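Beneath this line is the structure, given in structure tokens, with notes to follow.
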Amino acid sequence: MENRDGFDDRLRQARTRQGLDPKPRTGDEGGLPTGPWGIGFRAGVEVVSALVVGAALGFGLDRWLGTFPWLFLVFFFVGGAAGVLNLYRLFKPRPEAGP
Amino acid sequence: MAAEGKTIDALSQFELVPVLGPIGRAVGFSQSNAHMLLAVGLITLLFVYGMRHRAIIPGRLQSAAEMLYEFVEGVVVGQVGHEGRRYFPFVFALFMFVLFGNMLGLLPYAFTYTSHIAVTFGLAILVFLVTTVVALALHGRKFFGYFFPEGAPLWLAPIIIPVEVVSYISRPVSLSIRLFANMVAGHVMLKVFATFIVLIGSLGAVGIFGAALPLAVNVALIGFEILVAFLQAYVFAILTSIYLHDAVHLH
């Protein structure tokens with residue numbers, strides 16, 4: 001009823017033509033480069049850095065608490081899990097930037 | 001330096017040498033610091049001198065300055081959203097510093113300060129601290145909910161929380177290693193093939209033709225390195241924006 005002669009459509013087209021409305025997000029603008037080498041290198045760095053942080057954290061806690069291999073072993077696996085979590089975040093489709 | 005004693009010495013290019021004579025030696029002012037100052041000076045020059053006309057139809061320098069500005073603004077607004085404009089100066093400064101460090105390092109006799117993990121890790125720690133402070137300032141204690149997703153069963157907390165904390169701490173490490181490893185790998189490859197040119201070229205008449213091969217590789221590598229130099233500055237800026245997005249929206 002309110003759109004009897006396509007007024008809203010024409011208004012929207014005119015506004016878009018004049019650049020008054022913000023452009024709709026295409027989704028991949030400002031996205032990360034997605035070459036196979038880039039993705040592969042990124043994935044490797046994410047896993048290794050999480051593993052290194054986990055191992056270092058465990059080793060540091062062990063030095064502090066004097067419980068040598070145990071916390072190191074636990075945090076080694078925690079670091080591995082964090083690396084997998086990083087990978088999941090890397091390949092999960094990102095939600096749109098909020099309003 | 002490259003082919004002294006007929007050996008391949010690809011790593012001595014990363015050694016720090018004090019400059020400015022005895023004063024520099026006394027305060028530990030290395031060529032890395034000098035190149036950082038040079039990069040900051042060039043960036044300032046580009047933006048102050050390039051934008052001095054404020055012409056409607058920009059000249060070359062003004063075009064370059066405007067393109068860089070709009071490029072980074074697109075990254076920040078595209079990732080963080082409109083409230084991310086507040087953090088644009090921070091991301092822009094980081095991007096320009098890393099970009100000029102990477103690009104300056106490709107010039108002959110120049111030093112690449114982004115090829116030292118101390119520098120990249122320092123920058124990454126800065127990003128880490130800023131994003132954490134932003135998240136704490138915006139969300140207060142709710143920030144700690146980031147480490148334990150809502151609705152997860154409570155008995156999983158001893159597993160989830162350490163994993164999330166380690167994942168969060170691993171961000172600056174991966175950010176710094178990526179930039180540092182890319183720059184080091186590129187410069188080592190350039191140096192190795194440049195040494196091949198000298199070694200094969202010293203074989204006499206046959207060597208001159210043989211040396212053309214590594215020379216061609218180096219020409220291609222330089223083009224590739226310019227791409228990597230820009231790409232890594234871009235990746236640094238975009239990951240900073242993604243972390244800022246997580247800090248602002250917190251999900």
Side-chain angles (χ1 to χ4, degrees), chain A residues 22-61 70-99, chain B residues 71-84 91 117 121 124 128 147 149 158-182 185 224 227-228 230-232 234-246 248-251:
Chain A
K23 269 183 241 150
R25 284 258 164 72
T26 49
D28 60 338
E29 69 185 310
L32 282 167
T34 50
W37 278 99
I39 287 281
F41 186 74
R42 239 200 114 188
V45 167
E46 292 287 354
V47 173
V48 169
S49 62
L51 205 58
V52 165
V53 167
L57 209 62
F59 194 71
L61 284 174
W70 302 110
L71 281 177
F72 173 72
L73 288 175
V74 169
F75 271 88
F76 189 81
F77 285 104
V78 167
V84 176
L85 182 69
N86 282 350
L87 274 193
Y88 170 69
R89 294 235 169 89
L90 178 61
F91 291 111
K92 184 181 65 170
R94 289 188 57 74
E96 280 294 301
Chain B
F71 176 71
V72 180
E73 200 210 7
V75 168
V76 175
V77 173
Q79 291 295 330
V80 193
H82 271 283
E83 66 273 41
V91 181
I117 190 129
F121 193 65
F128 180 77
F147 298 114
I159 303 174
I160 292 180
I161 292 176
V163 169
E164 288 279 359
V165 169
V166 168
S167 168
Y168 191 72
I169 298 175
S170 77
R171 280 170 165 190
V173 177
S174 69
L175 192 61
S176 56
I177 288 180
R178 188 176 304 115
L179 176 58
F180 144 83
N182 269 290
F224 183 67
L227 173 79
V228 168
F230 179 78
L231 205 63
Q232 287 308 314
Y234 173 57
V235 166
F236 204 90
I238 204 163
L239 284 174
T240 307
S241 308
I242 287 175
Y243 297 158
L244 278 171
H245 169 267
D246 285 355
V248 171
H249 299 289
L250 207 66
H251 51 74

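The chains referred to below are lettered A, B, ... by the order of the sequence lines, with proteins before strands, and numbering in each begins at 1. Remember, it's a predicted structure, so these values are computed and weren't measured experimentally.
Within the 4.5 angstrom heavy-atom criterion, no atom of B:Ala237 approaches chain A. With a 4.5 angstrom heavy-atom cutoff, A:Phe41 touches chain B only via side-chain atoms.
Each of A:Val52, A:Val78, A:Val47, A:Val48 has some count of heavy-atom pairs under 4.5 Å with chain B, and the biggest count is that of A:Val78.
Ring geometry for B:Tyr168 versus B:Phe128: interplanar angle of 30 to 60°, hence tilted.
Of the possible donor and acceptor atoms, one in the side chain of B:His249 sits under 3.5 Å from a partner among the backbone N and O of B:Val80.
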Residues A:Glu46, B:Arg178; criterion salt bridge (Lys or Arg N to Asp or Glu O under 4.0 Å); working and verdict: CA-CA 9 Å; A:Glu46 292 287 354; B:Arg178 188 176 304 115; 3.4 Å; yes
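In this structure, the side-chain contact (heavy atoms from CB on, under 4.5 Å) partners of A:Phe76, at least two apart in sequence or on a different chain, are A:Leu51, A:Ala55.
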